[in-house]
Amino acid sequence: MTTKRLILVDGSSFLFRAYHALPPLTSPQGLAINAVYGVSNMLRKMLSDYPQDHFAVIFDAPGKTFRHDLYDQYKAHRPPMPDDLRCQIEPLHRLVRAMGLPLIVESGIEADDVLGCLAKKADQLGFEVIISTGDKDMAQLVNAHIMLENTMNNSRMDVQGVIDKFGVRPDQIIDYLALIGDAVDNIPGVPKVGPKTAAKWLEQYESLDNLIANADKITGKIGENLRASLEQLPLSKQLTTIKWDIDLPYAIDDLERKPADPTELKALLSEFGFTTWLKTLGSETAAPISEPETPPGKTDYETVLSEEHFERWFAKLDNAELFAFDTETTSLDYSKARIVGVSFAVEPGHAAYVPLAHDYPGAPEQLDKTRVLERLRPLLENPAKAKLGQNLKYDLHVLANEGIDLKGVAHDTMLESYVYNSTATKHNMDDLAKKYLGVDTIHFEDIAGKGAKQLSFDEIAIEEAGPYAAEDADITLRLHHKLRPLLAEHDALYRLYADIEVPLLSVLARIERNGVAVDTDMLAQQSMELASQIISLEHHAHDLAGHSFNLGSPKQIQEILYDRLQLPVLKKTPKGQPSTDESVLQELAADYPLPRLILEHRSLSKLKSTYTDKLPEQVDPNTGRIHTSYHQAVAATGRLSSSDPNLQNIPIRTEEGRKIRKAFIAPPGYKIVAADYSQIELRIMAHLSGDAGLLKAFSEGLDVHTATAAEVFGVAPEQVTHDLRRSAKAINFGLIYGMSSFGLAQQLGLTRGQAQSYIDLYFARYPGVKDYMDSIRALAREQGYVETLFGRRLYLPDINSRNAAQRQYAERTAINAPMQGTAADIIKRAMIATDRWLIEAREDAKMIMQVHDELVFEVAKDRLDHCMDRIRTLMNSAADLKVPLLVDVGVGDNWDEAH
DNA sequence: CGTCGGTCGTAC
DNA sequence: GACGTACGACCGACGT
């Protein structure tokens, strides 16, 4: 069950701020409209941030209030409201009403007091309350269930936030304000007492009353000032106290958003000249509460073959606030795919397929592909027309292949499902339809067949293709109606989805499209060299074994090592077979010659088959570059993955392997720039755990592994040997992965007892880390999921399993996921910011790869200094942690040099 | 001939 | 069983 939430907007405070912050815009009739514009933008943001919640917008009413009765000088020095602001109040009220928002204007009571009353009342009724305001006086209302949010600068303040900002607790804010006074409202304070002194005094004496009682203990001139103000202070306190015991005639439960009044809203928007909003009206005024569940008993799927029919659908799309959209193509490979048809849905159960390029004997005549696409272009390229899809990144590519630049990507059901629950299902449409709609969709294989005789979509009969394709669009729309409300129940998840994942989709498409240049001749050369070394190793190994065998077959190696040569079995595979993996062969190599040869063979043939042979095959003949695919809804933690080819596991650790990176090159006139976050997961661990020692190590810019070694092994940092540092590094990484003593022992070649004593030592030196690990396990058990810093969730259904192995596995994930996932959130934010900058500044530079903690760019030589600087800055500011985010930026002619 | 589980190895 | 997240090559059993 979810807590109900009330959003209170301090309309008056934002009205003033918007008026002063924005240039003097005028409506078509020439009236001032800037404040209305500013406040309404803010409201729209609030609505999209909190689509599900109770809502009220509060304004001051003209006239005197009880504060004027208390103090005739109240607000006496405030200049009268400028006419061009006053005249905006009434239009703004009309706009708020037209948007369907409860509007509250109480005469004789200031907006502050109304907000206070409503907030406290809602709190008592068990609501979470968010007050959107720019007024610092409101901080006195904050408690465990009431927080402030300043929508204009995107900041939020809870109890800790108040303490951080003002240095006093929310319950001390009134005293604090009384001491400082307020020039604008003409509230006297103590002369020469500002925020610093007020906070200091309240820290020492707790309350104003106690301070007054001890006023004679304050020395100096400032003490005199205090004593001189004693009489005045109770009044100041009364004036700054928000009254929250007034009985207002509103039931909190009634403060619900109503549907916007489209007619009135449109009229107002055109009167005000808010044309951009007017155009986007559809998606913005979508029903705020979950759309009615209308599982269509029967579906109505149309196949569009005539101009008239198409025009009818075009009009539907043009008028729709949001439409679902899907392309059918010749290939799953985005770089090769050409459009065969397009499908649309506007309302559940009703969809259309427009075949454009089916090509088989007897295929009916279809609408002209070029003409249809040209007709659709203005719709598809209009950023104000909201589109919905399933894996829209693919459609983005497909349309780009046809010369269409899709804009207005509003929603993607694949990402909705992924953010809602990354592990409950795979996020393809068939599985989603089954899980969330209980619908068995037509599968591609049902109409195309499978295996070698699988048809390309253009070869599929239109009678079969139509229902399949239309269903795709329909299901996408229905999934959206189901998933978006689910997502919106948790606003952190919704923000993650809307602010990170959806914008990222287009960024990824751009990176994929950019591709990376590869020196295929260099790779071919490397393949030849590897081939000859491999052959020589094979001969050598066959001689040693006494007969020929396949060095690439673990099974054959097993027979030779353990059956024929009778070497000791050091480890078994999960299936009970004697293992021949790297660590085993490494150990055996000390006493026998053959394992060494196998190891070398393995390493070289891996490089050859996976990289030097394969990468040249993946170069796109059209661009001469490699275009990977990034997958946004695969890794449970929030990381991306990469395939075809996987550019996130190109070797770097060995000299031989690094040669492959030398083949990732910059074209003439450009350089490769690689920027990576240094130790980001450990920094996140420092942030999340708040461990003092770890925080200190990072804030002092120490080498963290050396610092850990010095702490754990009790030596001075300069006495840390290579070996000690290596051990410390293994511990640090082990911690991130939820290590056991067994794992560490194996890693470092220790006994389990020794490893355990290292771990004990570590936790003794870094107790905050120990506490964090314990509490995250407990939290996972309690709530069944863990979260990243940005609210991404990973559910852990096995965390309370009776099966020890399953449970421990879930516990390790509980420890690892917040760190790995937070790192993923951060670099995604950096990618969005960097992409935006590259586009807006029209930089001669491209983002070309992401490798979890690293971004790789291709930058024009004469822009290097500037771009490296901006990249560093943008990556740095992607998150605000308790430790600095250090970014290493390197440059070179190839990826290897750039490190 | 295609699929799939098992094993191994690459990255962060 | 024992250190998290991925992708993918290769082998070899098994099914068509």
Side-chain angles (χ1 to χ4, degrees), chain A residues 422-423 450-454 549-558 571-585 598-599 601-611 613-615 618 628-631 634-654 656-658 660-661 676-682 685 730-748 752 755-756 759 786 794 803-821 823-824 827 849-854:
Chain A
S422 64
T423 50
K450 55 178 178 174
K453 49 189 196 300
Q454 185 169 66
F549 68 101
N550 185 349
L551 268 161
S553 164
K555 190 159 175 268
Q556 293 184 30
I557 287 173
Q558 206 183 87
K571 179 173 151 185
K572 295 195 168 175
T573 68
K575 260 199 95 196
Q577 298 296 308
S579 170
T580 66
D581 74 11
E582 207 249 13
S583 67
V584 170
L585 296 185
I598 299 171
L599 279 171
H601 179 272
R602 283 238 181 102
S603 137
L604 298 182
S605 52
K606 172 83 175 178
L607 293 178
K608 181 167 184 295
S609 67
T610 310
Y611 303 108
D613 285 354
K614 207 54 188 272
L615 288 174
Q618 320 239 13
T628 184
S629 289
Y630 288 103
H631 307 289
V634 172
T637 51
R639 271 193 183 179
L640 299 177
S641 77
S642 154
S643 72
D644 309 298
N646 181 353
L647 296 185
Q648 294 180 319
N649 70 348
I650 304 298
I652 191 168
R653 288 172 190 178
T654 67
E656 276 298 302
R658 260 209 302 281
I660 291 164
R661 292 197 171 214
D676 66 282
Y677 285 112
S678 164
Q679 307 293 358
I680 187 166
E681 292 188 5
L682 282 173
M685 182 165 89
I731 296 173
N732 280 330
F733 277 106
L735 284 163
I736 293 172
Y737 298 148
M739 164 187 71
S740 68
S741 58
F742 181 93
L744 183 64
Q746 194 155 52
Q747 179 81 26
L748 292 177
R752 219 183 138 162
Q756 187 60 52
I759 294 173
V786 290
L794 182 64
N803 179 324
Q806 279 182 19
R807 189 178 59 246
Q808 286 162 9
Y809 182 70
E811 284 177 1
R812 292 194 294 274
T813 310
I815 288 174
N816 175 257
M819 294 185 261
Q820 191 179 115
I827 198 165
M849 287 188 277
Q850 190 255 36
V851 193
H852 307 309
D853 65 357
E854 172 183 12

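The structure displayed is predicted, hence computed values, not measured ones. Throughout, protein chains are lettered first and strands after them, A, B, ... in sequence-line order, and every chain is numbered starting at 1.
- For F733(A), the ring-ring contact (aromatic ring centres under 6.0 Å, His included) partners two or more places apart in sequence, or in a different chain, are H705(A).
- Each of A730(A) and S553(A) was assigned the nucleotide of DNA chain C with the nearest heavy atom; the assignment lying further toward the 5' end belongs to A730(A).
- As rounded to whole Å, 13 Å separates atom C1' of dA9(C) from atom NE2 of H601(A).
- The nearest whole Å value for the distance from the NE2 atom in H631(A) to the P atom in dA6(C) is 12 Å.
- For dC10(C), the OP1/OP2 oxygens have a side-chain nitrogen or oxygen of S609(A) closer than 4.0 Å.
- Atom CG in L647(A) sits roughly 13 Å away from atom C1' in dA6(C) (whole-Å rounding).
- One atom, CD1 of I557(A), and another, C1' of dC10(C), lie 11 Å apart when rounded to the nearest Å.
- For the OP1/OP2 pair of dC7(C) and a distance below 4.0 Å, the side-chain nitrogens and oxygens of S641(A) include at least one atom meeting the criterion.
- Evaluation of the side-chain contact (heavy atoms from CB on, under 4.5 Å) rule for R602(A) yields I557(A), T580(A), L585(A), I598(A) as partners, not counting sequence neighbours.
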Anything under 3.5 Å between a protein N or O and an N or O of nucleotides 13-16 of chain C, put it in a table, one pair a line.
from    : atom 1 : to      : atom 2 : distance (Å)
dA13(C) : OP1    : K555(A) : NZ     : 3.4

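- In DNA chain C, runs of at least 3 consecutive Watson-Crick or G-U pairs, each pair with both distances below 3.5 Å, span B:1-12 with C:4-15.
- The separation of dG1(C) from dG6(B), taken at their P atoms, amounts to 14 Å, rounded to a whole angstrom.
- In this structure F742(A) satisfies the ring-ring contact (aromatic ring centres under 6.0 Å, His included) test with no other residue, sequence neighbours excluded.
- Qualifying side-chain contact (heavy atoms from CB on, under 4.5 Å) partners for V851(A), counting only residues two or more places apart in sequence or in other chains: Q648(A), E854(A), W895(A).
- Considering CD of E681(A) and CG of L735(A), their distance stands at 12.0 Å, rounded to 0.5 Å.
- For the side-chain contact (heavy atoms from CB on, under 4.5 Å) test, residues two or more places apart in sequence or in another chain that qualify with D581(A) are K571(A), S579(A), S583(A), V584(A).
- Annotation: side chain to side chain donor-acceptor pair (under 3.5 Å) contacts of K606(A) (sequence neighbours excluded): none.
- Rounded to whole Å, the distance from NZ on K608(A) to P on dC10(C) is 9 Å.
- Of the possible donor and acceptor atoms, none in the side chain of Y677(A) sits under 3.5 Å from a partner among the backbone N and O of A823(A).
- Across the protein-nucleic acid pair, D644(A) atom CG and dC7(C) atom P stand 10 Å apart, rounded to whole Å.
- Place K614(A) and A635(A) on DNA chain C by their nearest nucleotides, and A635(A) ends up nearer the 5' end.
- OP1 and OP2 of dG2(B) both lie 4.0 Å or more from every side-chain N or O belonging to K450(A).
- For dT5(C), the OP1/OP2 oxygens have a side-chain nitrogen or oxygen of Y809(A) closer than 4.0 Å.
- With contacts defined as side-chain heavy-atom distances shorter than 4.5 Å, the pair N649(A)/T610(A) does not qualify.
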Exercise. Could you run through nucleotides 7-12 of chain B and give me one letter per nucleotide, 5' to 3': B if any protein heavy atom sits under 4.0 Å from the base, S if only the sugar-phosphate is that close, - if neither?
Key: SSBBSB
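- Listed by chain and residue number, nothing satisfies the side-chain contact (heavy atoms from CB on, under 4.5 Å) test with S603(A) (two or more places apart in sequence, or in another chain).
- Under the rule for a salt bridge (Lys or Arg N to Asp or Glu O under 4.0 Å), E582(A) has no partner lying at least two apart in sequence or in another chain.
- In this structure, A636(A) reaches the sugar-phosphate backbone alone: every heavy-atom distance under 4.0 Å involves primed, P, OP1 or OP2 atoms, never a base.
- Regarding Q747(A), its CD atom lies at a distance of 12 Å from the P atom of dG4(C), rounded to whole Å.
- Pairs of residues two or more places apart, or lying in two chains, that qualify as salt bridge (charged side-chain N to carboxylate O under 4.0 Å, His left out) and include a residue from residues 808-821 of chain A are R781(A)-E811(A).
- In this model, the phosphate group of dG1(C) is not approached by any side-chain N or O of Q806(A) to a distance below 4.0 Å at OP1 or OP2.
- A805(A) comes within contact range of no nucleotide atom at all, as no heavy-atom separation falls under 4.0 Å.
- Side-chain contact between T628(A) and D644(A): absent, with no pair of heavy atoms (C-beta onward) separated by less than 4.5 Å.
- Rounded to a whole Å, the NZ atom of K453(A) is 14 Å from the P atom of dC1(B).
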